[in-house]
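Reading through the structure tokens given below for one structure.
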Amino acid sequence: MAMFLELFLGVLTAMGGFVEIGELTFMLNAGSKFSYSLLWIVALGTVGIMVYGEIAGRIAAVRGQGVFNVIRERAGIRLGLLTLVSATLVCLLTTAAEIGAIALVWNLLSGWPYRPLLLLAFAFLVLVVWFLKFETIERVFGLFGLMMTVFLVAAWKLHPDWSQVAQGLVPNIPSLPPDRKLLYAYYAVSLFSSVMLPYETYFYASGVVEDHWTPRYIRLNRFIVIVGFALGSLLSASLLIMGKMYFGDAHIDPSLPGTAAFGAASVLGRAGLWLAVGGMFFAFAGAGIETAMSSAYNIAQFFGWTWGKYRTARGAPRFALAWLVVFVAATAIVLTGVDPIQVVEYSIVFSVVILPLTYFPMMAISRDPDTMGVYRNGWLSNTLGWAFFVIVCVAAVAAIPLLVMTHGGQA
């Protein structure tokens, strides 16, 4: 019964924590600009995050180590430090974007000034991480994030042409003018990155260690990753469908999080509005907590510090200081007045740039029989893992040129 409950809660938590501000923004815009033609990228990225999430969880269950323990061991000090700095900066940008998104949601509800709400969001997140246990944080924000399923219901009620939706799952490049093809490529890379955000594997693997999983949890790990991420991907796909049906057909620019809530409200009324706003708040807050804590986990694991939310601040002072500094720095970024949606854009693009640095050491260690023993990769994990590594490398090389050539998706 305990294992079944762990399985059930794990799947729901993975599903509810799948969508954050970057994914919401890019999914809506992709649907409004390119209809369903990018759904295959969502499916591709979902398989990729399943593969690497399973590998990260399996390594953590077998060895009791997070991702950056592995990176330091296999990549060495110099390359490992480069990966750590890059990952920390990306997590910092993502945390800043999530704090800004929370303030925008609260501004939509209250009409209060944006900047004081940034400070309020900062205080809320810090208090949550300071006082709540890891398991409580993970489940509260993951389960309440399930209110985002209102977008799934709304997309269904908009009655899309399901044959066109199915066609969008087939890899394709639509007939477009040259400048639009560049924009299509930019959104393809960005959507892929938004589904495969590296902090998800950092946080998930650290959570496996926090929860004291052992090799007997490997099947549970596999089931949670596959089913939870697949259901979470349905939420993402519903946002893309809404982007096409509600925003694209009406020629509305869905650039702010509040526009997504109005899309749900147009179909489901006031209940849809409140569920959408509530779901976005818990999704953005959960992502902000996960990215700040991921930075602290990564730094502590790399330098061999004592870490873990199961410890008090006195028991792991450098770990606690690390996530607190990330929250402070992230809040300072958005307090400058920079547009949080622009911060999202850069965080998504640079996330895919660092993916090869993260995933190569994981692939190297997960296939090593001396390190993993009987729990090393099988033929399927190896085949998919290396195939996605090639795809990730191609996306990483293309990301920044596409960002420049499309002027940040404005071409």
Side-chain angles (χ1 to χ4, degrees), residues 14 18 23 26 30 37-62 67 70-71 74-75 79 83 86-87 90 166 168-173 184-202 204-205 218-219 221-234 236-237 348-369 371-372 374-402:
F18 195 81
E23 197 160 359
F26 276 101
S37 63
L38 284 163
L39 275 172
W40 68 278
I41 293 291
V42 180
L44 183 70
T46 301
V47 177
I49 194 62
M50 287 177 183
V51 170
Y52 288 121
E54 190 278 330
I55 288 172
R58 175 157 40 93
I59 293 172
V62 172
V67 171
V70 173
I71 287 176
R74 288 302 167 119
L79 185 56
T83 307
S86 302
V90 168
L169 292 170
V170 179
N172 69 95
I173 300 177
Y184 181 87
Y186 171 76
Y187 270 93
V189 169
S190 298
L191 283 189
F192 183 73
S193 177
S194 72
V195 176
M196 291 194 64
L197 285 173
Y199 83 81
E200 293 176 340
T201 53
Y202 306 153
Y204 180 70
I218 284 178
R219 288 186 179 179
N221 163 63
R222 186 174 296 127
F223 188 88
I224 287 174
V225 166
I226 292 174
V227 178
F229 285 167
L231 293 175
S233 184
L234 283 178
S236 298
I348 293 293
V349 169
F350 286 107
S351 287
V352 75
V353 172
I354 70 166
L355 281 178
L357 297 174
T358 299
Y359 290 143
F360 181 79
M362 288 171 54
M363 284 302 301
I365 202 167
S366 63
R367 66 189 296 271
D368 184 356
T371 304
M372 295 293 290
V374 296
Y375 304 109
R376 67 185 183 275
N377 287 350
W379 69 269
L380 183 60
S381 293
N382 262 334
T383 302
L384 289 175
W386 288 118
F388 272 99
F389 182 75
V390 172
I391 296 171
V392 160
C393 288
V394 172
V397 170
I400 293 178
L402 286 172

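Computed from a predicted structure; not experimentally measured.
- Donor-acceptor pairing under 3.5 Å is recorded for the side chains of Ser366 and Asn377.
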Does the pair Leu38 and Tyr184 meet the rule for a side chain to side chain contact (heavy atoms under 4.5 Å, CB included), with working shown?
-> CA-CA 8 Å; Leu38 284 163; Tyr184 181 87; 3.6 Å; yes

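- Applying side chain to side chain contact (heavy atoms under 4.5 Å, CB included) to Ile55 and the options Met362, Met50, Arg367 leaves one that passes, Met362.
- One distance of note links CG of Leu384 with CH2 of Trp379; it measures 8.0 Å at 0.5 Å rounding.
- Taking CG from Leu355 and SG from Cys393, the interatomic distance works out to 9.5 Å, rounded to the nearest 0.5 Å.
- The CD1 atom of Ile391 sits 5.0 Å away from the CG atom of Leu44 when rounded to the nearest 0.5 Å.
- When all heavy atoms of Thr46 and Ala230 are compared, the closest pair comes out as CG2-CA, 4.3 Å.
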Evaluate the criterion side chain to side chain contact (heavy atoms under 4.5 Å, CB included) for residue pair Trp40 and Val170; output intermediate values, then yes/no.
-> CA-CA 6 Å; Trp40 68 278; Val170 179; over 6 Å; no

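- Residue Leu39 comes nearest to Ala237 through the heavy atom pair CD2-CB, 3.9 Å, listed as atom of the first residue, atom of the second, then distance.
- Nearest heavy-atom pair across Gly53 and Asn221 is O-OD1, 4.2 Å.
- Side-chain atoms of Tyr375 never come within 3.5 Å of backbone atoms of Ile59 as a donor-acceptor pair (strictly under, hydrogens ignored).
- Across all non-hydrogen atoms, the minimal contact from Met196 to Gly45 is CG-O, 3.4 Å.
- Inspection of the Thr358 and Tyr202 side chains reveals an N or O donor paired with an N or O acceptor under 3.5 Å.
- Between the side chain of Tyr52 and the main chain of Thr201, no donor-acceptor pair closer than 3.5 Å is present.
- Looking at heavy atoms from C-beta onward, Glu23 lies in side-chain contact with Val195 at the 4.5 angstrom threshold.
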Apply side chain to side chain contact (heavy atoms under 4.5 Å, CB included) to Arg376 and Ser381, showing your working.
-> CA-CA 9 Å; Arg376 67 185 183 275; Ser381 293; over 6 Å; no

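- Here Arg74 pairs with Asp368 under the salt bridge (charged side-chain N to carboxylate O under 4.0 Å, His left out) rule; sequence neighbours left out.
- Atom-to-atom distance recorded for Ile365:CD1 and Arg58:CZ is 11.5 Å, nearest 0.5 angstrom.
- Across Ser236 and Val42, no two heavy atoms sit closer than the pair CB-CG1, 4.3 Å.
- In this structure Ser351 satisfies the side-chain hydrogen bond (donor to acceptor under 3.5 Å, both in side chains) test with no other residue, sequence neighbours excluded.
- Shown here is Ile173, whose CD1 atom has no more than 12 heavy atoms of other residues, nucleotides or ligands within 6.0 Å.
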Verdict with supporting geometry, Val392 and Phe192, side chain to side chain contact (heavy atoms under 4.5 Å, CB included) | CA-CA 9 Å; Val392 160; Phe192 183 73; 4.0 Å; yes

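- Atoms CG and CD1, on Leu169 and Ile41 in that order, are 11.5 Å from each other to the nearest 0.5 Å.
- Between the side chain of Ser193 and the main chain of Val189, no donor-acceptor pair closer than 3.5 Å is present.
- Heavy-atom contacts from other residues, nucleotides or ligands closer than 6.0 Å to CZ of Phe360 number 12 or fewer.
- A heavy-atom distance below 4.5 Å is found between the side chains of Ile348 and Leu197.
- Although no hydrogens or angles enter the test, the distance criterion places no donor-acceptor pair under 3.5 Å between the side chain of Ser190 and the main chain of Tyr187.
- Looking only at side-chain heavy atoms (C-beta outward), Ile224 and Phe229 stay at 4.5 Å or farther from each other.
- Heavy atoms only, all atoms of each residue included: Asn172 and Ser37 are closest at ND2-O, 3.3 Å.
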